[in-house]
2 protein chains.
Amino acid sequence: MPRGRSTDTIGINDVARAAGVSLMTVSRSIRGVDGVSDATRQRIVRLAREMGYFPNSAARALAVTNSTLIGISLPTLLNDVFADVLSGMRRTLDRAGYSSVMDTSDYDPAREREWAERTLAWRPAALILTGTTHDPALRARLLRERLPVLEIWDVTDDPIDICVGIDHLDAGLTLARHVAALGYRRPAWVGAPPGLDLRADQRFRGLVRAFRDVGAREVRRVSVTGGNSFVAGAGGFGQLDLRDRPDVVFFLTDNMAFGGMMAAQKAGLSVPDDIGIVGFNGLDLTTVLPRPITTIRTPRRQIGVTGAKTLLARLNGLHPDAVTRLPCELMPGATVRMR
Amino acid sequence: MPRGRSTDTIGINDVARAAGVSLMTVSRSIRGVDGVSDATRQRIVRLAREMGYFPNSAARALAVTNSTLIGISLPTLLNDVFADVLSGMRRTLDRAGYSSVMDTSDYDPAREREWAERTLAWRPAALILTGTTHDPALRARLLRERLPVLEIWDVTDDPIDICVGIDHLDAGLTLARHVAALGYRRPAWVGAPPGLDLRADQRFRGLVRAFRDVGAREVRRVSVTGGNSFVAGAGGFGQLDLRDRPDVVFFLTDNMAFGGMMAAQKAGLSVPDDIGIVGFNGLDLTTVLPRPITTIRTPRRQIGVTGAKTLLARLNGLHPDAVTRLPCELMPGATVRMR
DNA sequence: TTGTACGCGTTATCAC
DNA sequence: GTGATAACGCGTACAA
């Protein structure tokens, strides 16, 4: 393809020529910065619109060596959790003029790294990652480049840059203590396999501690992977050894807990008389159930909003708190009871 | 900020200097194109890695006047539908080397247009929009620029460029005919207000026709907006005039249908004996229920994958079908029965 | 208030 | 096989 003078897209130069002014006058007019008389500005803005001129962000980014792109990596959007986080974030970033380059990693650090590398090639203004554990090479690079980085959902005392999330160990602990205090002593857990969802592993740890503290039986753990969470919950319940007589089952999420509860009832067990069911996240689903699921509400949308705001502050040269730990709210529900 | 020779990020020039070759040799080496001896290529690639050189996509996009960015606009991610579509799409585009600039419009054409304008400034390789109805100015611009555009979820004989989706009117018709054939004659519908979700409006139209064809009573319509779909479904059911004695209620989605079913049971109605419940989409949720919801399965993931593949073909200069209409599958369920 | 010169980091082209 | 040069579209710095 020959390198002809100009393609079909018209640039700032064309507008300048047509208006009989210099390129810079057009640039200033369009951007709305000082240095142009109101008269010429109006004339030029109108002309630009008529000619169908649209600024080229890539060229601008190159010229000012910074962009209005923000990379966002989420593990999945197939449950309400990260969709909530994302919608809170996007709204806030959008209003500040940022576009989002997004992907989901499926909890795979390698995919996260590959996405990050591709995204970093666009010299984004910042990166938003989920969790606080990442591919070591990626982490090192981000540290070295001093790129503004927001880590969400989890918190750590040693973030790459800033983080906004909840204390998952504490959340697991709080939820499990509530249940343990009701007298349950034969707990089971249905969730992701160890090492996949690191936040879930933290919560599991809290659960183990809470039940150990009351001298309960060791927590049985069942792992399920992928697929729809309702189905996974039902399938996970099916994998439990019922002869083992668990008296309460904790699930990775409310959706899974619901699926598990359905499976329990299908197996002839009544909830909570025969077995207790506990979820996680406090999704709205549970509010429409005749028997609300015992769970703990995570501030998902707030994580998104607060995270975005904190990041924006950071981008504006301020020095926001590096670590923001948001509270969760226990929701007792009716799928467990005094034993 | 002074315009010093070079900032901290190192560019292709630095590598060239360090390697004692010209910039073009580095460029060719990195890109893996012909014109460099294997020896120097290897030397340079290694050196570049050591020096921490990373290509700048903005500069490349500027030079070649085309990018590897694809814009994706979805109405929402707060239900499984578009999350499914997206995951199918992303995976396919990702493998082809494209990054996604994403946003959700909340069914607002103005927001879609604003997002599109901002995204177009990055000179994306293509745009993916949901539905076939958009802001007229946006549509005109896309037509004029001849940008590859994929419209998903809905189909039309007159797409901007190419479209992959389902026939919503037909889906509504099929589902409603199935229900009407069972003897139901007092239908109601709980969904979005007219004019908001245009695809839903099409389905409603199919429903109206199916029931008119059997001489049933006019379909009662209840509108709910925003919020969680489970809650909206329950709330929508609550708005029905029960003295009006509807015998079957269609919902916008399966999630809403579930919420509605819960509300029905809370109101003392048994499903399907007192009232029938019908959903839409065939989400996995319904498979774990003791009584699967009568619904119609939409090929969400396939829309994403097929759409992405079609778009890629288009980007590769091929001429794929402009319109791809994917089939839906009726799922009879057990929330309606012979009357 | 307006214009000129240069650089941002990369690739296409053509000459060597 | 390798290099010099001119774009790509725009913004900064400084002169007029």
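The shown structure was predicted, so the numbers you read here are calculated from the model rather than taken from an experiment. Chain letters run A, B, ... following the sequence lines, proteins first and then strands; every chain starts at 1. Quick note: numbers below take in every heavy atom, side chains included, and nothing from hydrogens, waters or symmetry partners.
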Rounded to the Å, how far apart are A/Asn13 CG and D/dC8 C1'? 11 Å

Mapping B/Arg31 and B/Ala59 onto DNA chain C by nearest heavy atom, which one lands closer to the 5' end? B/Ala59

Under 3.5 Å, which protein N or O atoms sit close to an N or O of nucleotides 2-5 of chain C? Give each pair with its distance.
unit_1, atom_1, unit_2, atom_2, d
C/dT2, OP2, A/Ser37, N, 2.9
C/dT2, OP2, A/Thr40, OG1, 3.2
C/dG3, OP2, A/Ser22, N, 2.9
C/dG3, OP2, A/Ser22, OG, 3.3
C/dG3, OP2, A/Thr25, OG1, 2.5
C/dG3, N7, A/Arg28, NH2, 2.8
C/dG3, O6, A/Arg28, NH2, 3.2

Integer-rounded Å distance: C/dC8 C1' and B/Arg60 CZ: 17 Å

Going by atom types alone, do B/Arg31 and B/Ser27 pair a side-chain donor with an acceptor below 3.5 Å? yes

Grab the CD1-P distance between A/Ile12 and D/dC8 for me, whole Å please. 14 Å

With distance as the sole criterion, is a donor-acceptor pair present between the side chains of B/Thr65 and B/Arg123 under 3.5 Å? no

Would you kindly give the CG-to-C1' distance between A/Asn56 and D/dC10, to the nearest whole Å? 8 Å

B/Arg301 side chain to B/Ser87 side chain, donor-acceptor N/O pair below 3.5 angstrom: yes

Rounded to whole Å, the CG-P distance (A/Asp38 to C/dT1) equals 9 Å

What is the separation between atom CZ on B/Arg123 and atom P on D/dC10, rounded to the nearest whole Å? 7 Å

Rounding to the nearest 10°, end axes of the helix from C/dT1-D/dA16 to C/dC16-D/dG1 built from five pairs each make an angle of 40°

Count the heavy atoms belonging to other residues, nucleotides or ligands that lie under 6.0 Å from CG of A/Asp157, then report whether that count exceeds 12. no

Taking B/Gly131's backbone N and O only, do any of them form a donor-acceptor pair with B/Asp154's side chain (distance below 3.5 Å, no angle check)? no

